[in-house]
Amino acid sequence: MNKALILVVEDDAPVRNLITTTLKTHEYRYLTAPTGEAALMETASHNPEIILLDLGLPDMDGMDVIRQIRSWSNVPIIVISARSEDSDKIDALDAGADDYLTKPFSVEELLARLRVTLRRLALMQGGTLNTDSVFTNGKLKIDYAAGCAYMDQEELHLTPIEYKLLCLLSKNVGKVLTHNFITRQIWGSSWENDVASLRVFMATLRKKIEKYPSSPQYIQTHIGVGYRMMKVE
Ligand code: CA
């Protein structure tokens, strides 16, 4: 089996070894980089499918690594960081990271994030993300051209904002979107910090699409950070 090539950017050798051992055990291919400079070089020369990026590197801030890579590549970046503050996660996601893991993390958690990212990647490469006019995920269906959404073949009665929210999340399925990003996309910059309103719209949207709104299947909450639409089988 030829699994995805993962670039592991981490200066701490024991953590790096833990990650690479996990990857090897699960038949992923991998490359390692102990510095930001090495990460940029490996990314440019080997074109990895996913980058696992530690933010605290000896030569550069991981945030600058994200920004530099994003200037020329859309490769998924999963941040692995000891910084557990919400603001750090938000900054990394807003700079273009796709997901984050906080140290210490479990091997299962790491593998789960890789699977989510690979599914998202497969959707992007299959061209079913962003370009198709019909999106399906589990029992959810969105007909972008007609401007209608369905759950279990029944049309959902969504307000314009709920529909916009649902479309935004669906077009980024598998990716954590920050409050800031969502409010900017939905309302423009003037609503930038109105997270409370976003929470209200998200709650009403969930009531319409989730069978059990208190344990949602489609839209996951990342407390203090944002929301993500999960890929539902
Ligand atoms: Ca480090």
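Numbering of residues begins at 1 and proceeds along the displayed sequence. Atoms within a ligand are numbered from 1 in the order they appear, just like the ligands themselves.
The Ca ion (ligand 1) lies at 3.0 Å or more from every N, O or S atom belonging to Asp12. Contact annotation: Gly56 places an N, O or S atom under 3.0 Å from the Ca ion (ligand 1).
Taking the six-membered ring for Trp and thresholds of 30 and 60 degrees, Trp187 and Phe201 have ring planes inclined between 30 and 60 degrees apart.
Taking the Ca ion (ligand 1) as reference, the nearest N/O/S atom within Asp54 carries the name OD2. For the Ca ion (ligand 1), the nearest N, O or S atom contributed by Asp11 is named OD1.
No option in Leu118, Thr117, Leu114 other than Leu114 meets the side-chain contact (heavy atoms from CB on, under 4.5 Å) test with Ile6.
For the residue pair Tyr144 and Ser170, the shortest heavy atom distance occurs at OH-OG, 2.6 Å.
Here the side chain of Thr20 pairs a donor or acceptor atom with the backbone of Asn17 at under 3.5 angstrom.
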